[in-house]
Amino acid sequence: MKFYVTTPIYYINDLPHIGSAYTTIIADILAIWHRMKGDDTFFLTGLDENSVKTVQAAEAKGYKDIQKYTDEMAEKWKNAWQKLNLTYDDFIRTTEERHKKNVIKFFNKIYENGDIYKGVYEGLYCDGCEEFKLEKDAPDGVCPIHKKQLKKIKEENYYFKLSKYRDRILEHIEKNPDFIKPEKRRNEIISFLKQGLIDTSISRPGLKWGIDLPIDKDHKFWVWFDALINYLLPEKYWPPEVQLLGKDIARFHCITWIGMLMSAGYPLPKTMYVHGFFTVNGQKMSKSLGNAIDPISLSEKYTIDGIRYYMLRDISLGEDGDFSEVALKERINNEVVANYSNLFYRITSFIQKNYNGKLPSANYSEKENEILKQISSLVKRYESEMQEYELTKALSTAVEVSTIANKYIQENEPWKIIKENKEKAGSILNFGAQLLRTSVLLYYPFMPNSGKIACEALGIKPEWKDVEKPVLKEGHELKAVMLFKKIET
RNA sequence: AGCGAGGUGGGGAAGCUAGGUUAUCCCGGCGGGCUCAUAACCCGCAGACCGGUGGUUCAAAUCCACCCCUCGCUACCA
């Protein structure tokens, strides 16, 4: 089985914020899980550098050489992702030759297919903003920012015959309930399509930055057209099993991109998953409010895994959610530390102290077999939740498993038993360690950094095979490690 | 305005498609147990007339009607 997941490619007019980190982390979780299962996995992320915004940001910061600016920003983005230990397989920049080649190739296909024509774009232009305004944003034809009369400008654009594909797109979405998730986004797209579709322009004249249109040197590709094509990069993995999107860009992906692919004759992605947005401590995140969160400094304080855990645990994937530092800290202390890390330590340190770090022999009874059955059904549930991209549910299933393990240890009181019967206590610890191994693996995609340490200490590999079974053998060596520290401040 | 999603104990959610014993889970609060463990772990308790009104039914959080409230989408904004 192969698994190909994409994130949107991000604008480089600023550094990564918590929102872009969120999307990329979701992709990372999925990629890690599929790798554990042995799937041929490919995780693509990258940067959208051909936007007019790039030029504006570069100039605002005093750069004359735009390419230099993009190179520097790209380094910063890569560094940020490395600090967060994200495991992407390739990082695409739309200023790269390999991308430009793909754009041209793609364009030629739809051009030869007769889906490109020259038309006129009419719009209200503001000299101050240097951009077109929509009528709804500019009541009375006046720019809301500059209070100036907008000019009616006509310019020639090349258009893509998107409207031609409207029926096919609609049909595809209606016939494939899993194509757009969650359902609420699917409904939105369907109702949008039912209103009808107009063609979309794909080029702009007179730009100095961007990719040249092969049929007309005076035009550059409009940034959206060029950006979407990045996903085609890993040819042998096409089509993606899932493309992750923010809700603001759902329509471009679920409609325009799909129409483009139909025209060029590519198979379609299996699922477009639209996630929600964060507010920060109840407020909308924005630069002007100055409440944008830097994921790097946050991770230094709370650990990468702590943040990953919180994001998926507290915020239902697909819904909007509030990012609160208070809640973050509570989740880490009350769940990651108290439930998981504590479980890990109480079992491993007990074995280390009393059994020289070697797994004692086991003699399971009806009670243990009952629990194994329960675990096995929870693991099945986890797998189907992961498969359906219900990551929040899958994580809470993982929590259930480690709770069962804590309960088992608690009820069987090996610290008492060991005083009279070391062998019997050993059997309890043996079973506890088996449950611990399952917990570690279920948590692994969500918290891979501590997961690595946990696997090493347990002497296991992060593999999904027999995840629900008690496969650790008598005499297996393991070490006591504290995976997380309590956040005190 | 149209279309869509939702309103469930202090907070966050599940249940509702196939109506039926004490409405479930997590956090928080309170009490107890345990002491292997990072005051962690385990057990118990309090707290919800399931947005409102009316209807269908032996029986509704679950079905129907109307109403109120919140949020999202309604084209070039990653």
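Below, chain A is the first sequence line, B the second, and so on; all start at residue 1.
If you take atom P in C3(B) and the same atom in G10(B), they sit 34 Å apart, rounded to whole Å. Between U8(B) and C50(B), the two P atoms lie 11 Å apart (nearest whole Å). Annotation: A61(B) and G54(B) have their P atoms spaced 15 Å apart (nearest Å). Comparing the same atom, C1', in G4(B) and in C43(B) gives a spacing of 45 Å after rounding to whole Å. Taking the P atom of each, U62(B) and G28(B) are spaced 31 Å apart, rounded to whole Å. A distance of about 39 Å separates the P atoms of C27(B) and A65(B), rounded to the whole Å. A gap of 24 Å separates the P atoms of C16(B) and U57(B), to the nearest Å.
Using Watson-Crick or G-U wobble geometry with both donor-acceptor distances under 3.5 Å, U38(B) finds no partner in any strand shown. With a 3.5 Å ceiling on both atom-pair distances, the Watson-Crick or G-U wobble partner of G31(B) is C43(B). Pair assignment for A5(B): U70(B), on the basis of Watson-Crick or G-U wobble contacts that are both within less than 3.5 Å. The base-pairing partner of U62(B), taking Watson-Crick or G-U wobble contacts with both distances under 3.5 Å, does not exist among the strands shown.
No engagement by E400(A) is indicated, since no non-hydrogen atom pair under 4.0 Å with the nucleic acid exists. Among the atoms of the strands shown, base atoms are found under 4.0 Å from some heavy atom of F252(A). Heavy atoms of D199(A) sit under 4.0 angstrom from at least one base atom. The residue K393(A) sits apart from the nucleic acid: no heavy atom pair falls under 4.0 Å. Residue G196(A) is classed as a base contact, given a heavy-atom separation below 4.0 Å to a base. Across all strands shown, A250(A) has no heavy atoms under 4.0 Å from either base or sugar-phosphate atoms. Looking at heavy-atom distances under 4.0 Å, T403(A) makes contact with sugar-phosphate atoms alone, never a base. Within 4.0 Å (heavy atoms only), S201(A) reaches at least one base atom of the nucleic acid. Nucleic acid contact class of L429(A) (heavy atoms, under 4.0 Å, all strands): none. K194(A) comes within 4.0 angstrom of nothing in the nucleic acid, heavy atoms only. No contact: I347(A) has no heavy atom under 4.0 Å from any strand. Within the nucleic acid shown, S191(A) comes within 4.0 Å of sugar-phosphate atoms alone, with no base atom in reach, counting heavy atoms only. Using a 4.0 Å heavy-atom cutoff across all strands shown, Q195(A) reaches sugar-phosphate atoms only and no base atom. Within 4.0 Å of L197(A), counting heavy atoms only, lies at least one base atom of the nucleic acid.
A salt bridge links E171(A) to K175(A): at least one charged side-chain nitrogen sits closer than 4.0 Å to a carboxylate oxygen. Using a 4.0 Å cut-off between charged nitrogen and carboxylate oxygen, D28(A) and R308(A) count as a salt-bridge pair. Here R251(A) does not pair with E188(A) in a salt bridge; the nearest charged N to carboxylate O distance is not below 4.0 Å.
The 5' end of RNA chain B is approached more closely, in terms of each residue's nearest nucleotide, by P414(A) than by the other of P414(A) and L343(A). Mapping D226(A) and F192(A) onto RNA chain B via the closest heavy atom, the residue that lands nearer the 5' end is F192(A).
Contact annotation: K486(A) side-chain N/O to A40(B) OP1/OP2 distance is under 4.0 Å. Residue N334(A) has a polar side-chain atom (N or O) positioned under 4.0 Å from OP1 or OP2 of G28(B). For the pair R251(A) and U74(B), the criterion of a side-chain N or O lying under 4.0 Å from OP1 or OP2 is met. Listed pair K53(A) / C77(B) fails the phosphate criterion, with no side-chain N or O lying under 4.0 Å from OP1 or OP2.
No hydrogens or angles were tested; on distance alone, a donor-acceptor pair under 3.5 Å links the side chain of Q410(A) to the base of C41(B). Put simply, the side chain of E413(A) and the base of C36(B) share no donor and acceptor less than 3.5 Å apart.
Stacking between F350(A) and the base of C36(B) is absent under the criterion of ring centres within 5.5 Å and planes under 30 degrees. Both thresholds, 5.5 Å between centres and 30° between ring planes, are met by W224(A) relative to the base of A78(B), so the two rings are stacked.
The N187(A) side chain lies nearest to A5(B) when the options are A5(B), C77(B), U35(B).
For the pair K419(A) NZ and U35(B) P, the interatomic distance rounds to 7 Å; values are reported in whole Å.
Using cut-offs of 30° and 60° on the angle between ring planes, the pair F107(A) and F221(A) is perpendicular. Under the 30°/60° scheme for interplanar angles, the aromatic rings of Y165(A) and F160(A) are found to lie parallel. Below 30°, between 30° and 60°, or above 60°: for F91(A) and Y88(A) the angle between ring planes is between 30° and 60°, a tilted geometry.
A side-chain N or O of Q410(A) and one of R346(A) form a donor-acceptor pair less than 3.5 Å apart.
Heavy-atom contacts from other residues, nucleotides or ligands closer than 6.0 Å to NZ of K479(A) number 12 or fewer.
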